[in-house]
Amino acid sequence: WTIYTDGAYEPDGDVEASIGAVLVDDQGMVIECFGMELIDSLRQEFLEDSKHPIYELELFPVLLALRVWQEKLLGSQVVFFLDNDAARSAFIRANASTTLGSTLIAEYIHFEYKCRFSPWFARVASHSNPSDQPSRLDFTAPWIQHVQRVDVVLPAHLSEWGNNGCADT
């Protein structure tokens, strides 16, 4: 599997903080995608750690993609493409530079262990990232126009989410 992820933070825009991801199968076909705005309470949680939380917003969709597509990813090889080098490095090191980032990385490690997938993290240029548009709630790109869009319900706060990845393995 290949997963492209992106986070967007535009405090002066109509949508302040949003995330997106695109799932691609081993034949290069886009299977599903998601894109959503962070609700106010969750956005405030991200802002508690940073005045400009793009780093954390780039980490978050990787974790969310694992939660959403965990059954598909179980035991698979997964390549994650991110357009933020600091976030990509955090996953490679399994260590983040902020408190919230550390929380997200710890949850990621849980998924990696429980779901037994083999990850690889690579860089994609922002202008070549197919998840850039979904992260800005734009689903008009030809590669995602006709694929299933996953509706993801985010918790009001990350602490309400629980640690439940691949629970039956």
Side-chain angles (χ1 to χ4, degrees), residues 1-11 13 15-38 43 46 49-50 52-98 100-112 115-152 154 165:
W1 296 98
T2 302
I3 299 175
Y4 293 88
T5 61
D6 192 42
Y9 183 67
E10 298 170 358
V15 176
E16 267 188 62
S18 53
I19 57 172
V22 172
L23 177 67
V24 179
D25 70 11
D26 62 349
Q27 301 298 309
M29 300 297 298
V30 176
I31 303 300
E32 295 179 340
C33 69
F34 65 78
M36 71 202 65
E37 180 177 9
L38 266 64
R43 187 180 69 245
F46 276 70
D49 213 25
S50 173
H52 193 81
I54 191 62
Y55 172 69
E56 293 83 359
L57 287 168
E58 294 281 356
L59 296 172
F60 190 47
V62 172
L63 180 58
L64 189 55
L66 291 175
R67 284 180 167 268
V68 170
W69 295 314
Q70 62 183 295
E71 287 90 21
K72 290 176 174 64
L73 305 177
L74 184 65
S76 297
Q77 295 178 334
V78 184
V79 178
F80 295 91
F81 280 97
L82 293 86
D83 61 12
N84 182 287
D85 281 329
R88 182 181 59 85
S89 294
F91 284 109
I92 292 168
R93 289 187 331 264
N95 186 17
S97 61
T98 65
L100 178 56
S102 295
T103 299
L104 296 171
I105 292 294
E107 180 76 359
Y108 164 80
I109 291 168
H110 167 79
F111 271 87
E112 183 181 312
C115 297
R116 298 184 310 272
F117 64 89
S118 299
W120 185 266
F121 293 94
R123 184 183 184 285
V124 61
S126 293
H127 64 274
S128 298
N129 188 345
S131 64
D132 186 69
Q133 283 141 314
S135 77
R136 288 167 170 73
L137 312 182
D138 175 2
F139 298 95
T140 61
W143 55 87
I144 57 172
Q145 278 182 340
H146 304 292
V147 302
Q148 181 177 344
R149 229 182 323 167
V150 179
D151 290 322
V152 181
L154 296 174

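Numbers for residues simply follow the sequence, beginning at 1.
Of all the heavy atoms in A65 and I3, the pair that sits closest is CB-CG2, 3.9 Å. In this structure, F34 and F139 approach most closely via the heavy-atom pair C-CE2, 4.3 Å. Considering all non-hydrogen atoms of both residues, L57 and P61 come closest at O-CD, 2.8 Å. Annotation for P134 and V22: closest pair CG-CG2, 4.1 Å, computed over non-hydrogen atoms. When all heavy atoms are compared, the tightest approach of L137 to E37 is CD2-N, 3.8 Å. Nearest heavy-atom pair, D49 versus L100, reported as atom, atom and distance to 0.1 Å: OD2-N, 2.7 Å.
If you take CD on Q148 and CD1 on I31, they are separated by 10.0 Å, rounding to the nearest 0.5 Å. To the nearest 0.5 Å, atom CZ of residue F111 and atom CG of residue L73 are 10.0 Å apart. Atom NE2 of H110 sits about 9.5 Å away from atom CG of L63, to the nearest 0.5 Å. Atom OG of S89 is separated from atom CG of N84 by 8.5 Å, given to the nearest 0.5 angstrom. One distance of note links CG of D132 with OG1 of T5; it measures 11.0 Å at 0.5 Å rounding.
By the 6.0 Å contact criterion, CZ on R149 is open, its count of non-hydrogen atoms from other residues, nucleotides or ligands being 12 or less. At most 12 heavy atoms of other shown residues, nucleotides or ligands fall within 6.0 angstrom of atom CG in D151.
By the 30° and 60° cut-offs, the orientation of the rings of F81 relative to Y4 is parallel.
For the residue pair S126 / D83, a side-chain donor-acceptor distance below 3.5 Å is found, with atom types taken as modelled.
In this view, E56 and T98 satisfy the side-chain hydrogen bond (donor to acceptor under 3.5 Å, both in side chains) rule, not counting sequence neighbours. Evaluation of the side-chain contact (heavy atoms from CB on, under 4.5 Å) rule for W143 yields V30, P130, Q133, A141 as partners, not counting sequence neighbours. Taking the side-chain contact (heavy atoms from CB on, under 4.5 Å) definition, one finds that S102 meets it with A96, sequence neighbours left out.
Under the 3.5 Å distance criterion, the side-chain polar atoms of Q70 are matched with a main-chain donor or acceptor of R67. Formation of a donor-acceptor pair under 3.5 Å by the S18 side chain with backbone atoms of S135 is found in this model. Between the side chain of R93 and the backbone N or O of N95 there is at least one donor-acceptor pair closer than 3.5 Å.
No side-chain heavy atom of S50 sits under 4.5 Å from any side-chain heavy atom of Y55. In this structure, the side chains of W1 and Q77 stay at 4.5 Å or more apart for every pair of heavy atoms. L64 is listed as a side-chain neighbour of M36, based on a closest heavy-atom distance under 4.5 Å.
Between F46 and Y9, the distance from one ring center to the other does not fall under 6.0 angstrom. You'll find the ring centres of F91 and F80 outside the 6.0 Å limit.
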Check your understanding: Run the side-chain contact (heavy atoms from CB on, under 4.5 Å) check on I144 and C33 step by step: do they pass?
Key -> CA-CA 7 Å; I144 57 172; C33 69; 4.2 Å; yes
Point to revise | Derivation and outcome, side-chain contact (heavy atoms from CB on, under 4.5 Å), residues R123 and L82 | key: CA-CA 5 Å; R123 184 183 184 285; L82 293 86; over 6 Å; no
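Between D25 and K72, no side-chain nitrogen of the basic residue sits less than 4.0 Å from a carboxylate oxygen of the acidic one, so the salt-bridge criterion is not met.
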